[in-house]
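This report refers to the structure that appears directly beneath it.
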Amino acid sequence: MFANLHHLSHHAAWRHQLEMLLESAGEGIYGVDQNGRCIFINRAGAELIGFEPDEVLGRNMHYLIHHAHSDGRNYDVHECPIFRAFQEGQGVRIESEVLWRRDGSAFPAEYTSYPIRDAGQIVGAVVTFADITERKRAEAVLRANQVELERRVSERTAALQDANARLQQSHSALQRLSAHLQQVREDERTHIAREVHDELGASLTALQFDLNWLRPRLAHDSALERKVNDMMSVTQQALGAVRRILTDLRPGVLDHLGLWAAIEWQLQEMQSRRGLRCTLTLNDAEPERRLGRSAEIAVYRIVQEVLTNVARHAEASEVNVEVTGQASAIELCIRDNGRGMQVPAQPTSFGLLGMYERARALGGELRIDSMPGAGTTVHLRVPESTR
């Protein structure tokens with residue numbers, strides 16, 4: 001469509017509609033000829049770089065807004081991805097560079113450049129660009145929050161280890177403290193999950209609604225429509241990531257359907273993501289049989305940690321969880337056919353220590369049987385008193 005701009009002088013009505021479309025676009029849009037000179041630019045694009053549209057026409061766009069990297073190093077025109085569209089006939093999409101304003105300041109930008117063809121010949125390129133400062137800032141905030149979350153979890157884990165070392169002489173006191181700290185962690189997970197859902201999840205959902213509202217209004221412009229579709233795809237991926245994080249922090253299926261359904265869901269997720277064959281076998285354990293709330297959370301976290309270790313280290317192709325219900329206890333056996341390991345006499349990793357502590361807080365028993373090359377089996381026994 002843009003390649004035919006020079007043919008529109010005899011079609012004023014179409015030219016007027018095209019100009020209105022360019023002016024109504026929220027992103028910057030400009031076109032360049034084979035020499036890199038601007039042949040058109042919409043007002044949004046001109047304002048983003050601090051010019052009036054008429055001041056940009058005829059200027060070489062690389063030397064005007066793309067002349068240097070973010071650190072000030074010169075950006076050679078022959079390396080410019082924007083010009084590659086008409087030099088090599090290849091479209092590009094970049095979101096890791098900056099563009100420069102009239103006042104000498106730079107802003108992080110996302111831009112696309114596609115060749116303009118006329119009768120099969122490349123005559124220039126059309127470029128769309130946007131200031132993504134806010135997106136970069138949001139990404140930085142998200143990374144900082146993740147670092148802070150890891151720091152807080154690390155601090156709590158370190159505090160737990162220190163408390164355990166100081167209270168070894170009192171087994172019952174250690175059990176009470178361990179149960180309390182585990183509850184604190186679960187409460188913290190619930191609190192963080194609520195914040196992620198209310199803040200990040202709500203913002204992404206609102207953004208998706210806005211994009212859905214915008215898409216049908218751009219159906220007559222394929223470039224803008226593709227751009228909106230790309231943005232919707234990114235938003236959908238972000239929502240999926242939020243849902244996975246929320247599920248890891250606080251599995252809703254555990255509260256609503258019980259422990260066995262939650263473990264089955266864990267296995268289905270592992271099978272889907274990792275390609276392992278995962279099965280759950282209930283032997284004399286009724287699906288509706290419930291433990292106490294704290295006990296179910298503890299058992300769920302133990303199974304979650306075992307499956308995480310299998311996925312990361314075991315190189316297994318199959319995992320089976322077998323549950324046996326008895327009058328005085330429920331026993332779980334988690335078995336994989338991976339490479340196995342030498343079981344340490346005194347576990348030092350936070351994952352293994354956490355599993356043993358959760359089992360002791362339940363008044364239960366945890367045992368790991370494994371040898372190099374022979375797979376690994378984790379046995380967990382939960383007593384009747386935890387129901």
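Just so you know, residue 1 is the first one in the sequence shown, and it goes up from there.
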query: Looking at Arg335 and Glu318, does any basic side-chain N land under 4.0 Å from a carboxylate oxygen?
result: no
query: Considering all heavy atoms of both residues, which atom of Pro372 and which atom of Gln342 are nearest to each other, and what is their separation?
result: CD-OE1, 4.0 Å
- request: Keeping the roles fixed (side chain from Gln34, backbone from Ile122), state whether a donor-acceptor pair exists under 3.5 Å.
  value: yes
- request: Would you check if the side chain of Ser370 reaches a backbone N or O of Met341 as a donor-acceptor pair within less than 3.5 Å?
  value: yes
Expected output: side-chain Ser113 to main-chain Ile82 donor-acceptor under 3.5 Å: yes
task: Taking all non-hydrogen atoms of both residues into account, name the closest pair between Cys333 and Thr377 and its distance.
output: SG-CG2, 3.4 Å
- prompt: Are Tyr111 and His66 close enough that their ring centres sit under 6.0 Å apart?
  reply: yes
- prompt: Would Leu57 and Val126 show up in the same hydrophobic cluster when neighbours are defined by side-chain heavy atoms closer than 4.5 Å?
  reply: no
- prompt: Among Ile49, Thr128, Ile65, whose side-chain contact (heavy atoms from CB on, under 4.5 Å) with Tyr30 holds?
  reply: Ile65
field: Cluster check Leu276, Leu280: I/L/V/M/F/W/Y, side chain < 4.5 angstrom
entry: yes
query: Which heavy atom in Ala130 sits nearest to a heavy atom in Leu48, and how many Å separate them?
result: CA-CD1, 4.4 Å
message: Show, in sequence, the C-alpha distance, side-chain angles and deciding distance for Ile334 and Val310, and conclude whether the side chain to side chain contact (heavy atoms under 4.5 Å, CB included) test is met.
response: CA-CA 10 Å; Ile334 308 169; Val310 171; 5.8 Å; no
- line: Here the gap from Phe107 atom CZ to Ser70 atom OG, rounded to the nearest 0.5 Å, amounts to 13.0 Å
query: Is Val378 linked to Met371 within one hydrophobic cluster, defined over Ile, Leu, Val, Met, Phe, Trp and Tyr using a side-chain heavy-atom separation of less than 4.5 Å?
result: no
- line: Note: Leu366 and Tyr356 closest approach over all heavy atoms is O-CE2, 3.4 Å
message: One thing to verify: whether Arg152 and Glu155 come together as a salt bridge, which I'm taking to mean a side-chain N less than 4.0 angstrom from a carboxylate O.
response: no
- request: Decide, yes or no, whether a salt bridge links Asp103 with Arg101 under the criterion of side-chain N to carboxylate O below 4.0 Å.
  value: no
- request: Taking only Lys NZ, Arg NE, NH1 and NH2, and the carboxylate oxygens of Asp or Glu, determine whether Glu305 and Arg358 approach each other closer than 4.0 Å.
  value: no
- request: Tell me, yes or no, whether the heavy-atom count around Arg93 atom CZ, taken from other residues, nucleotides or ligands under 6.0 Å, exceeds 12.
  value: yes
message: For the CD atom of Glu264 and the SG atom of Cys278, what is their distance to the nearest 0.5 Å?
response: 11.5 Å
message: Can you tell me if Arg151 has over 12 outside heavy atoms packed within less than 6.0 Å of its CZ?
response: yes
query: Under a 4.5 Å side-chain heavy-atom rule over Ile, Leu, Val, Met, Phe, Trp and Tyr, are Val141 and Ile132 clustered together?
result: no
- prompt: Do you know which of Glu47, Glu55, Glu52 makes salt bridge (Lys or Arg N to Asp or Glu O under 4.0 Å) with Arg102?
  reply: Glu55
message: So Ile116 and Asp118, do their side chains get closer than 4.5 Å, heavy atoms only?
response: no
field: hydrophobic_cluster_shared for Tyr63 and Ile94, side chain cutoff 4.5 Å
entry: yes
- request: May I ask you to check whether Arg143 and Gln146 show a side-chain donor-acceptor distance below 3.5 Å?
  value: no
- prompt: NE2 of His69 to OG of Ser96: how many Å apart, nearest 0.5 Å?
  reply: 10.0 Å
- prompt: Distance-only, no hydrogens or angles: does the Thr112 side chain make a donor-acceptor pair with backbone N or O of Val92 under 3.5 Å?
  reply: no
query: With no hydrogens and no angle check, do the side chains of Thr279 and Asn320 hold a donor and an acceptor under 3.5 Å apart?
result: yes
message: With rounding to the nearest 0.5 angstrom, report the SG to CE distance, Cys38 to Met61.
response: 5.0 Å
- prompt: To the nearest 0.5 Å, how far apart are CD1 in Ile368 and CG in Asn309?
  reply: 8.0 Å
task: Give a yes or no on whether the backbone of Gln304 and the side-chain of Thr308 come within a donor-acceptor separation of less than 3.5 Å.
output: yes
- prompt: If we only count heavy atoms from C-beta on, is the Arg301 to Met355 side-chain gap below 4.5 Å?
  reply: no
- prompt: Can you check whether Asn60 reaches Leu64 side chain to side chain, under 4.5 Å on heavy atoms?
  reply: no
message: Any side-chain to backbone donor/acceptor pair from Trp100 onto His67? Under 3.5 Å, distance only.
response: no
statement: For Pro108 and Thr133, the nearest pair of non-hydrogen atoms, with its separation, is CD-OG1, 3.4 Å
query: Where the side chain of Thr157 meets the backbone of Val153, is there a donor-acceptor pair that is under 3.5 Å apart?
result: yes
- prompt: Any side-chain heavy atom of Glu95 sitting closer than 4.5 Å to one from Arg135?
  reply: yes
- request: Determine, for Arg381 against Glu365, whether the closest basic-nitrogen to carboxylate-oxygen distance falls under 4.0 angstrom.
  value: no
field: Side chains of Leu380 and Val306 in contact at under 4.5 Å (non-hydrogen atoms)
entry: no
task: Could you tell me whether a side-chain N or O of His62 sits under 3.5 Å from a main-chain N or O of Tyr75, the two making a donor and an acceptor?
output: yes
message: Nearest 0.5 Å, please: how far is CG in Leu267 from CE in Met270?
response: 8.0 Å
query: So, does Asn35 use its side chain to make a donor-acceptor pair with the main chain of Arg37 at under 3.5 Å?
result: no
query: Looking only at heavy atoms, which two atoms of Ala359 and Ile302 are closest? And how far apart?
result: N-CD1, 4.0 Å
- request: Report yes if some heavy atom in the side chain of Gln268 is under 4.5 Å from a heavy atom in the side chain of Gln271; otherwise report no.
  value: no
